[in-house]
Amino acid sequence: MAVEFENFDFDPEQLREKYREERDKRLRQDGNDQYIEVKGEFAYFEEDPYVEEKIIRDPLNKSIEVAIIGGGFGGMLAGARLKQKGIEDILIFEKGSGFGGTWYWNRYPGASCDIESYIYLPMLEETGFTPKFKYTNAPETLEYCKVLSEKFGLYESSCLQTEVTSCDWNETEKTWVIKTNRDDVINAKFVVHTNGPLSKPKLPSIKGINNYKGHTFHTSRWDYSYTGGDSNGNLSKLADKKVAIIGTGATAVQCIPHLGLGSKELLVFQRTPSPVDVRNNTETEPNWIANQDKGWQQERVNNFESLLSGRMVKEDLVKDGWTEMVRMFVSALRTKAPSKSKYLKWTLQGLLKKDFYLKGPKSYLLTKTAQEVDFAEEMQMANFNKMEQIRSRAQTIVEDPDTAESLKPYYNQMCKRPCFHDEYLQTFNLPNVSLIDTDGKGVEEITDKGIIFNGKEYEVDCIIFATGFEVGTGFSRQAGYEINGVEDMTLTKKFESGAATFHGMHIKGFPNSFFFGPIQSGYTATYTYALDQQSIHLAYIVDVLKKRNLSFIEATKEAEKEWISEIIESSRMMADFQENCTPGYYNNEGKINNIPQNNRYGGGAVAFYELLEEWRSKGNLEGLEIH
Ligand code: NDP
């Protein structure tokens with residue numbers, strides 16, 4: 001287990017200064033434009049290497065009730081929740097050969113999930129599935145996607161290996177016309193867009209990137225025909241290869257240990273180190289799930305999400321690196337609080353109270369006594385302490401002192417995705433593995449033979465891009481199709497000066513559409529939980545409309561306007577935190593305050609889903625025009 005609540009000696013002012021320096025080094029004017037779109041000459045980076053058999057079928061031409069675009073957990077859960085309500089006339093469009101979304105594409109060696117499987121895999125009670133480990137891996141997750149899809153008869157309602165190319169509102173028929181790359185023309189009463197926030201791989205716009213003559217691929221399209229092995233590793237074909245990997249985010253942290261073991265030589269090009277904590281995976285105890293009471297999974301999810309939202313719980317059921325992090329922060333407040341009531345006030349939940357973010361953290365703090373002001377500082381001290389723990393782990397594990405120093409992240413926890421791995425740091429002790437730390441600059445140039453950094457050319461047989469996915473770019477670029485709404489308004493045009501939604505799900509001008517995703521919605525690292533909550537909400541609305549014999553919904557102008565204000569206000573505190581972070585996709589590459597409404601709901605995921613539940617309990621579909 002991780003060292004709990006150990007106190008490290010540090011000088012807060014020095015750390016503050018160091019964090020600022022490291023952030024400023026990485027801030028760049030071009031933000032998201034530092035990446036190039038995977039298309040044209042780069043299109044092969046997005047090709048599906050996993051297709052076993054090409055599906056041959058005639059084009060479809062028919063009318064249906066609900067079209068779901070995307071067959072990841074969002075599409076599967078939307079389908080399952082609709083079917084639970086007896087809404088059977090659905091069709092799921094998915095470009096991969098099977099369900100799974102992110103888990104279909106990300107099969108790189110070591111791919112696995114850091115959120116406990118007992119909460120990450122949704123509907124375990126309904127499917128009766130028992131994950132083998134506390135943290136499941138990609139093959140088991142993909143297997144679970146099959147189990148879930150079969151349980152709810154989703155294969156019969158799917159169009160796999162099919163890409164949607166357009167989605168147009170037909171005002172006369174009041175339906176959506178969906179076209180695909182297989183010449184399908186589908187008229188759907190309702191459309192669910194669940195395209196995944198991390199679905200389009202991105203490439204850094206490095207000088208000469210298209211000159212490279214060796215082998216190359218992106219981690220989300222792993223080329224096992226070149227590397228050998230599978231998701232469990234054993235990359236035997238790399239035994240005589242010199243391999244370079246660019247990027248050290250959560251994906252790289254998981255595949256680098258396998259590359260280190262398999263390659264003749266491995267060069268890791270790092271721009272910013274990830275915070276890598278203890279993982280400590282364990283096997284699921286036999287009969288543990290079978291012995292749980294009914295409703296156990298939801299209770300466990302609620303417990304975990306409450307803690308992550310900064311709420312107090314009687315017992316931490318999950319007890320892992322995520323919850324330890326929060327307990328550490330909360331404990332720091334507890335020891336400083338002069339009384340129980342003050343302590344409660346100081347919890348993270350207190351931080352997220354409306355008067356705090358409405359007035360903005362600074363003015364709120366100015367109205368408080370000196371003693372009360374301490375809590376923000378105490379939170380920062382707890383964060384420094386947590387990161388010192390992570391840095392000290394790198395120091396202890398990595399033998400070469402310079403490499404150890406380069407692997408220490410200097411930014412606050414939650415600025416980047418926390419990582420948990422028990423072999424990553426150890427990989428840098430292998431004689432065939434070298435870390436090329438670019439000190440925040442990134443790779444300079446790619447030649448026909450390899451990579452240049454600091455004037456030196458590193459010749460390699462293969463370059464692997466672990467450079468992540470498009471997050472801050474527009475909907476149609478990421479999804480691969482445009483949506484033409486009422487009066488031919490495109491979604492791109494509608495979002496030109498910022499996202500505009502009601503509850504993140506409904507958009508004025510795009511009737512009968514449901515958008516799943518984090519923008520203007522609740523967000524949590526347990527992304528399947530967010531998708532399930534959105535699916536429950538969708539199924540409720542479609543069911544209500546059906547029961548009332550209605551067939552049209554659209555966000556009202558007022559509801560949309562109010563929701564945008566709510567998002568701007570509620571995300572202000574989060575934006576302040578993110579502004580001080582080193583750049584990455586968590587903070588829109590350092591340009592967090594450019595468009596404040598392109599944010600998630602700042603009150604936390606649990607509060608957001610409670611808000612939706614309360615909305616549903618009123619039963620009047622407030623904020624939506626219906627007929
Ligand atoms: P990320 O966007 O997190 O990482 C991209 C990496 O590429 C960063 O290290 C980035 O550096 C680096 N990079 C970008 N441009 C350059 C350049 N020009 N030169 C050198 N390096 C460069 O993508 P990932 O695929 O790693 O992860 C995406 C998300 O997927 C995670 O945040 C997480 O949500 C999810 N995930 C979860 C996992 C889990 O459960 N464990 C595992 C894998 C993914 P810099 O930081 O400086 O920008």
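Since the structure is predicted, the reported quantities are computational estimates derived from the model, not experimental observations. First listed ligand is number 1; within each ligand, the first listed atom is number 1.
Annotation: Ile246 places no N or O atom under 3.5 Å from an N or O atom of ligand 1; distance criterion only. At a 3.5 angstrom cut-off on N or O pairs, Gln270 does not count as close to ligand 1. Residue Ala250 has at least one nitrogen or oxygen atom sitting less than 3.5 Å from a nitrogen or oxygen atom of ligand 1, judged on distance alone. In terms of N/O distances under 3.5 Å, ligand 1 is not approached by Gln34. Geometrically, ligand 1 and Asp114 share a nitrogen or oxygen pair separated by less than 3.5 Å. Where the criterion is an N or O separation shorter than 3.5 Å, residue side chain and backbone included, Glu589 fails it with respect to ligand 1.
For atom 13 (N) of ligand 1, the nearest non-hydrogen atom from the set Thr467, Thr219, Ile446 belongs to Thr467. Residue nearest to atom 42 (C) of ligand 1, selected from His421, Glu470, Gln254: Gln254 (by heavy-atom distance).
A heavy-atom separation below 4.0 Å is found between Tyr108 and ligand 1. Heavy-atom separations between Lys416 and ligand 1 include at least one value shorter than 4.0 Å.
Residue contact check: Tyr35 has heavy atoms under 4.0 Å from atoms 14 (C), 15 (N) of ligand 1. Ligand-side atoms of ligand 1 in range of Cys113: 40 (O), range being under 4.0 angstrom from any heavy atom. The Ser112 neighbourhood of ligand 1 comprises atoms 39 (C), 40 (O), 41 (N), with distances under 4.0 Å to a heavy atom of that residue. Distances below 4.0 Å separate heavy atoms of Val443 from the following atoms of ligand 1: 19 (N). The atoms of ligand 1 that sit less than 4.0 Å from any heavy atom of Ala466 are 5 (C), 6 (C), 7 (O). Close approach to Leu198 involves these atoms of ligand 1, each under 4.0 Å from a residue heavy atom: 29 (C), 30 (O), 34 (O). Applying the 4.0 Å criterion to heavy atoms of Pro204 picks out, from ligand 1, the atoms 15 (N), 18 (N). Listed by number with element, the atoms of ligand 1 under 4.0 angstrom from any heavy atom of Gly442 are 19 (N), 20 (C).
Remark: aromatic rings of Tyr108 and Tyr224 are distant, center separation not under 6.0 Å. Taking the six-membered ring for Trp, Phe469 and His218 have ring centres closer than 6.0 Å.
Here the protein heavy atom with the shortest distance to atom 4 (O) of ligand 1 is Gly249 CA, 3.8 Å. Of all protein heavy atoms, the one lying nearest to atom 10 (C) of ligand 1 is Arg271 NH2, 4.3 Å.
Checked against Phe465 for a ring-ring contact (aromatic ring centres under 6.0 Å, His included), the options Phe217, Phe45, Tyr35 give a single hit: Phe45.
In this structure, the side chain of Arg221 engages the main chain of Glu46 through a donor-acceptor pair within 3.5 Å. Without hydrogens or angle criteria, Thr136 side chain to Lys132 main chain gives no donor-acceptor distance under 3.5 Å.
Remark: the Asp320 side chain and the Tyr135 side chain contain an N/O donor-acceptor pair separated by less than 3.5 Å. Gln534 and Ser521 share a donor-acceptor pair across their side chains, judged by distance under 3.5 Å alone.
A cation-pi arrangement is present between Arg107 and Tyr104, with the terminal nitrogen or guanidinium carbon under 6.0 Å from the aromatic centre and inside a 45° cone about the axis.
The nearest pair of heavy atoms linking Gln270 to Leu435 is CB-CD1, 3.9 Å.
Classification of the Phe304-Trp322 ring pair by plane angle, with boundaries at 30° and 60°, yields perpendicular.
Applying the side-chain hydrogen bond (donor to acceptor under 3.5 Å, both in side chains) test to residues at least two apart or on different chains, the pairs with a partner in residues 449-460 are Thr447-Glu457.
Neither the backbone nor the side chain of Phe420 comes within contact range of ligand 1; no heavy atom lies under 4.0 Å.
In the displayed structure, Lys18 atom NZ is contacted under 6.0 Å by more than 12 heavy atoms of other residues, nucleotides or ligands.
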